[in-house]
Amino acid sequence: MAELEHELHADPTALSIHVAEAGGRIVGAAWVRFHRGTEFASLWGGSTLPAWRRRGIYRGLVARRARQAHGRGLRYLQVDASPDSRPSLERLGLRAVSTTTPYVWCPPSS
């Protein structure tokens, strides 16, 4: 959260954070980054508490961020989706065009 807060304060137009609430409690959260000088926005986060899954919250957060990007005139959405999220995103019309391989680089100690 501290990293997102710092990023938001550094450039409030480059990041938008969305939450889903129920009964005053945050049950889902996601954010979108807007990449200056491009036609791209990237979707991040997209997490829903387990007890609140399968109620359309994730779908709603994706739709809200997509509408926001479209409203800014952006044509493309990029998502580095987990295997759990990919089927939901494909049902919403997103298509896989590539894959990534996550890693943690550990430089050799001197």
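All residue numbers refer to positions in the sequence shown, counting from 1.
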Should [X] and [Y] be counted in the same cluster of Ile, Leu, Val, Met, Phe, Trp and Tyr side chains packed under 4.5 Å apart?
| X | Y | result |
| --- | --- | --- |
| Leu77 | Leu15 | no |
| Ile57 | Leu49 | yes |
| Ile26 | Trp52 | no |
| Ile17 | Trp44 | yes |

Calculate, to the nearest 0.5 Å, the distance between atoms [atom1] and [atom2] belonging to [X] and [Y] respectively.
| X | Y | atom1 | atom2 | answer |
| --- | --- | --- | --- | --- |
| Ser42 | His35 | OG | NE2 | 2.5 Å |
| Ser88 | Arg53 | OG | CZ | 10.5 Å |
| Arg75 | Thr38 | CZ | OG1 | 11.5 Å |
| Arg72 | Thr13 | CZ | OG1 | 6.5 Å |

Should [X] and [Y] count as side-chain neighbours, where that means a heavy-atom distance under 4.5 Å?
| X | Y | answer |
| --- | --- | --- |
| Ser16 | Gln68 | yes |
| Glu7 | Arg33 | yes |
| Gln78 | Leu43 | no |
| Asp11 | Arg36 | yes |
| Arg86 | Pro83 | no |
| Val32 | Phe34 | yes |

Nearest heavy-atom neighbours spanning Ala20 and Leu61: N-CD2, 4.4 Å

Closest approach of Leu74 to Ala41 (non-hydrogen atoms, all atoms of both residues): CD1-CB, 3.8 Å

Charged N-O contact under 4.0 Å between Glu21 and Arg25: no

Main-chain N/O of Pro102 paired to Thr100 side chain as donor or acceptor, under 3.5 Å: no

Any donor-acceptor pair under 3.5 Å from Arg59 side chain to Arg55 backbone: no

Quiz item: cation-pi between Arg65 and Trp31, 6.0 Å / 45°: no

